[in-house]
Amino acid sequence: MTIYEQLGVPRIINACGTVTRLGGAPMPAAVLDAFIEGAGHWVSLEQLQAAASKRIAGHTGTEAALVTSGAAAALTLAAAAIMTDHDLGRMERLPQTSGYANEFIMAREQRSGYDHAVRAAGATLVEVGFNEIVSNAGVRRTETWEYEAAIGERTAGILYCFSRHSAPPLNEVIEMARGHSLPVIVDAAGELPPRSNLRDIPASGADLVAFSGGKAIRGPQSTGVLCGRRRWISAAALQMLDMDDHFQLWDPPAELIDREKLNGHPRHGIGRGLKVSKEEIVALLVALDLFAGGAYDSERVEQRERLQTIVDQLQKTTIECQIRDPDDGESWPTLELAVPQRDPQAAFALCRQLRNGTPPIYVGHGRLHEGILVVNPLCIDRDDARMVADQIVAIQSLV
Ligand SMILES: *Cc1c(COP(=O)(O)O)cnc(C)c1O
């Protein structure tokens, strides 16, 4: 019996990939070893975060960095840092932000549920542009002048959600923001691989960039990275770390925290509930080293074989199979399963039946409206792959 079954929680087959809802990415053995070793010793969390900052900065090319409790927490801390800087009174009042700049300008088409993390710090989002392509009312995307036209007294910065298809181009937005001395926060939580993005996105000139630690990096599910300018990382660290010390004894590492900028000792900040443990920090650092060094690339061959197992077994069904091999040499392949006539209803039904089976199987559900289920090989082994195919064959034989 697994530790989960002892709790009465059934094991599932996660053919979705790194999604949070189903437990995230598999941690490599070296990451788990680091977690266990890290748990056996005690260190100053400030010093550990300073060391992490140096290590992460080496991978991202930024001035400094912080291990956060996920990319969402990184976004909350980023917004808090920019709104308060090193002002103790402002830090203390968050999420109350009346009386100073608290608006982040964001393209309407880049909004998602994740921007709640920025609003949680007390920020207000100001939307610009339209979403004319989704509404089928036009061909244009958001344009940089629209951000500029929205800048006012209350503007604290720009929030940009990066993807391969995001518009307007990030560097254009940053150049415009620079002209107004406004910082730019980039949500790049899921934009790895390619690992070149670890450097390329910060190199665009963004002030702060958030990455997930529990997606393709394969660190603990509850970790993330905030990297960027030292000034903002210092303000973010101050609002996350435990502050219960005597000011005259407190000697934070200068690489991480700019004590010179403080005229007193902050209390626990808005990020105190977003804490990260020493074990999580070292585990994330090991995972980041592995990811950045390309250690996961060789798994693609085996991942493809797992998908091929499913394709072979589904030959005799009416499901149309297509393996997609990303061209970046780093991303895992995926398998698209198209139901007959690409009927969305049938795709939803198959997805539901797989979830209701024993064991429950969760497949990628982002394209059910196109009649397609997507299998991600990251969190399944060969037996799981066989089980996925067996279940689909069994379900198909009933229709
Ligand atoms: C996954 C994701 C997040 C949240 O990341 P966590 O590390 O789970 O907190 C934020 N923004 C985007 C765009 C994401 O895809």
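As the structure lists them, so they are numbered: ligands from 1, and atoms in each ligand from 1.
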Side chain [X], main chain [Y], donor-acceptor under 3.5 Å:
X    : Y    : result
Q353 : F348 : no
H268 : M243 : yes
S135 : N131 : yes
R90  : M83  : yes

- Task: Kindly write out the residues that satisfy side-chain contact (heavy atoms from CB on, under 4.5 Å) with T62, not counting sequence neighbours, or none if the list is empty.
- Result: A57, T60, P202, C227
- Tell me the residues surrounding ligand 1, counting only those with a heavy atom closer than 4.0 angstrom, sorted by chain and number. T20, G70, A71, A72, Y114, D187, A189, S212, K215
- Can a cation-pi geometry be assigned to R218 and F291, taking NZ or CZ under 6.0 Å from the six-membered ring centre and within 45° of the ring axis? no
